Amino acid sequence: MLHSKLCNKDTNEDPKTSSVLENLLLLPDNEFWEMLRSSCQNNDALPSDAGLIEEYEFWPKWDPSGTTNTNYVEPDVFIRFQKLDVIIEAKVGDTKGQYQEQWNNEFIAYLNEYEYETEKREVALIALGGNATMEEGQANDCGRNKSTKVLRCSWIGLRNEVTKCKDNLVNQQDINEASARKRLLNNIMLAFSLHNISEVHWLDELCDNPIEIRQTSINDIKKHFQTRKSWAKN
């Protein structure tokens with residue numbers, strides 16, 4: 001949580017954003033981008049190759065002209081790749097918190113800072129966590145008649161992408177590089193765990209590892225729902 005400490009950000013989603021993303025940013029640029037991209041819904045809207053990371057900043061303070069903010073607009077993370085600018089707006093949980101006005105403000109403020117460069121590069125806003133729906137959104141600057149896509153992803157989805165990367169280390173031939181990458185990925189997994197982001201296994205993943213469900217467990221589940229049904233009637 002170096003960046004959150006440095007910026008005196010110790011509430012809400014800030015320590016989580018710092019501890020997870022600052023470690024992810026230590027991975028090779030293409031691996032970091034692949035994880036972030038793969039965790040987003042509708043990720044076909046994002047390029048498969050974003051190029052090298054030229055710069056990044058946690059909680060930049062942008063010109064609020066034309067927004068509903070007064071002093072500044074502050075997205076959680078801004079990452080400039082060679083081929084794409086990425087704005088990340090993070091929320092502490094996975095189910096609520098993202099809203100249209102904030103996306104618009106961040107896009108307008110981004111144009112205030114970088115409009116002269118937008119003809120040469122794309123920009124995307126990633127809504128990390130806080131999504132009641134996973135449908136693609138849009139951030140708008142009506143004054144300039146411009147807009148950009150908002151891609152949604154979850155903290156759980158991002159953790160699952162890290163898990164996949166860790167599982168693939170067994171295929172890496174360079175033992176020293178694999179060992180170093182494993183330590184870094186373990187740090188990232190620790191950051192997820194410290195902020196209560198649990199690993200999720202989907203049902204289709206159980207096909208290769210069939211498990212036997214005991215009859216007593218089935219009976220317990222039936223009894224639970226029969227009891228709830230009885231309460232509902234009363």
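Nothing fancy with the numbering, it's 1 onward along the sequence. Computed from a predicted model, the values in this text were never measured in an experiment.
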inquiry  = Could you work out, with side-chain hydrogen bond (donor to acceptor under 3.5 Å, both in side chains) as the rule, every residue matching Arg37, not counting sequence neighbours?
reply    = none
ask   = Taking the inter-plane angle between the rings of Tyr114 and Tyr110 on a 0 to 90° scale, is it parallel (under 30°), tilted (30 to 60°) or perpendicular (over 60°)?
value = tilted
note = side-chain hydrogen bond (donor to acceptor under 3.5 Å, both in side chains) filter on Gln41, not counting sequence neighbours, yields none
message = If the condition is side chain to side chain contact (heavy atoms under 4.5 Å, CB included), which residues does Pro60 pass it with, not counting sequence neighbours?
response = Glu57, Trp62, Pro75, Phe78
key: Set of residues satisfying side chain to side chain contact (heavy atoms under 4.5 Å, CB included) with respect to Glu101, sequence neighbours excluded   = Thr68, Tyr99, Asn105
query = Quick one: salt bridge (charged side-chain N to carboxylate O under 4.0 Å, His left out) partners of Asp85, sequence neighbours excluded?
reply = Arg80, Arg121
task = For Glu106, check salt bridge (charged side-chain N to carboxylate O under 4.0 Å, His left out) against everything at least two apart and list the hits.
result = none
query = Among all residues two or more places apart in sequence or in another chain, which pass the side-chain hydrogen bond (donor to acceptor under 3.5 Å, both in side chains) test with Glu113?
reply = none
request  = Applying side-chain hydrogen bond (donor to acceptor under 3.5 Å, both in side chains), name anything that partners Asp76, two or more places apart in sequence or on another chain.
outcome  = Trp59
Salt bridge (charged side-chain N to carboxylate O under 4.0 Å, His left out) partners of Glu161, counting only residues at least two apart = Lys164
inquiry  = Can you list everything that forms a side chain to side chain contact (heavy atoms under 4.5 Å, CB included) with Thr70? Sequence neighbours excluded, please.
reply    = none
message = The criterion is ring-ring contact (aromatic ring centres under 6.0 Å, His included); which residues satisfy it with Phe32, sequence neighbours excluded?
response = none
query = Excluding sequence neighbours, so at least two apart, what forms salt bridge (charged side-chain N to carboxylate O under 4.0 Å, His left out) with Lys83?
reply = Asp49
Interatomic spacing from CG in Leu151 to CG in Asn131 - rounded to 0.5 Å = 10.5 Å
query = So, Arg159 versus Thr163: side-chain donor-acceptor pair below 3.5 Å or not?
reply = no
